[in-house]
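Counting from 1, the numbers follow the sequence of the chain as shown. Values below: every heavy atom of this structure, side chains too, minus hydrogens, waters and symmetry copies. Small disclaimer: the values here were computed from a predicted structure and weren't measured.
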Amino acid sequence: MSAKLSTEYGDIIIENSVIAALAGISAMQSYGIVGMASKNAKDGLFELLKSDYMAKGIRVEVYENSVSIDLHVILEYGVRISVVAQNIIDNIKFNVENYTGLEVGNVNVFVQGVRIDKR
């Protein structure tokens with residue numbers, strides 16, 4: 001279901017894919033995140049999504065006046081997961097509320113993996 005805002009001049013409809021893209025861009029601005037993971041894992045393996053398909057790792061549910069966002073992410077090795085997750089939540093909540101005018105009810109961050117850089 002898309003988000004619908006009513007104004008004195010008419011209705012504004014915001015598709016879930018737009019909110020997901022905004023959430024993905026906001027999450028990628030956080031330090032420690034490598035990228036989004038596919039939310040449909042086969043055999044328990046998650047793949048890192050390319051930047052063009054970032055929204056596939058994000059699920060958006062719109063209720064009457066609030067939005068719920070679930071993200072599946074892959075983080076860098078060596079970062080404190082709780083701090084990075086809180087930073088992701090804060091960035092998404094701020095940007096989605098600022099750009100859309102919708103209230104973000106909750107943001108759930110599912111850490112699907114940690115990437116280790118081999119140098």
Open item on the list: Is any side-chain heavy atom of V79 closer than 4.5 Å to one of Y31?
Closed with: yes
Task: M36 to G57 - nearest heavy-atom pair and separation - done: CB-CA, 4.4 Å
TODO: Return yes if some donor-acceptor pair links the side-chain N/O of E76 with the main-chain N/O of R115 below 3.5 Å, else return no.
DONE: no
Open item on the list: With heavy-atom distances below 4.5 Å as the criterion, would you say the side chains of L75 and V34 are in contact?
Closed with: no
Open item on the list: For L5, is the CG atom crowded, meaning more than 12 foreign heavy atoms sit under 6.0 Å from it?
Closed with: yes
Task: CD1-CG distance between I58 and L71, expressed to the nearest 0.5 angstrom - done: 4.5 Å
Task: Contact summary for N106 and S68, nearest pair of heavy atoms - done: OD1-OG, 2.7 Å
Task: Least distance between heavy atoms, S6 atom then D11 atom - done: OG-OD1, 3.0 Å
Open item on the list: Would you compute the distance between atom CE of M28 and atom CD1 of I88 and round it to the nearest 0.5 angstrom?
Closed with: 9.0 Å
Task: Side-chain donor-acceptor pair present, N95, S26, cut-off under 3.5 Å - done: yes
Open item on the list: In this structure, would Y99 and V60 fall into the same cluster of hydrophobic residues linked by side-chain contacts under 4.5 Å?
Closed with: yes
TODO: Could you tell me whether the side chain of K4 and the main chain of I13 form a donor-acceptor pair under 3.5 Å?
DONE: no
Open item on the list: Distance check, rounded to the nearest 0.5 Å: I14 atom CD1 versus L22 atom CG?
Closed with: 9.5 Å
Task: E103 versus S66, side-chain donor and acceptor atoms under 3.5 Å - done: no
TODO: Working to the nearest 0.5 Å, report the span between CG of N98 and NZ of K93.
DONE: 12.0 Å
Open item on the list: Could you see if L102 belongs to whatever hydrophobic cluster contains I12? Use Ile, Leu, Val, Met, Phe, Trp, Tyr and a side-chain cutoff under 4.5 Å.
Closed with: yes
Task: Cluster check Y63, I89: I/L/V/M/F/W/Y, side chain < 4.5 angstrom - done: no
- [ ] State, yes or no, whether a side-chain contact exists between N108 and F110 at a heavy-atom distance under 4.5 Å.
- [x] yes
TODO: Mind checking the CD1-CD spacing from I92 to Q29? Nearest 0.5 Å is all I need.
DONE: 10.0 Å
Task: Heavy-atom side-chain proximity of V73 to V109 below 4.5 angstrom - done: yes
TODO: Drop me the distance from Q86's CD to N91's CG, to the nearest 0.5 angstrom.
DONE: 10.0 Å
Task: Trace of the side chain to side chain contact (heavy atoms under 4.5 Å, CB included) decision for V67 with I19 - done: CA-CA 9 Å; V67 179; I19 298 169; 4.2 Å; yes
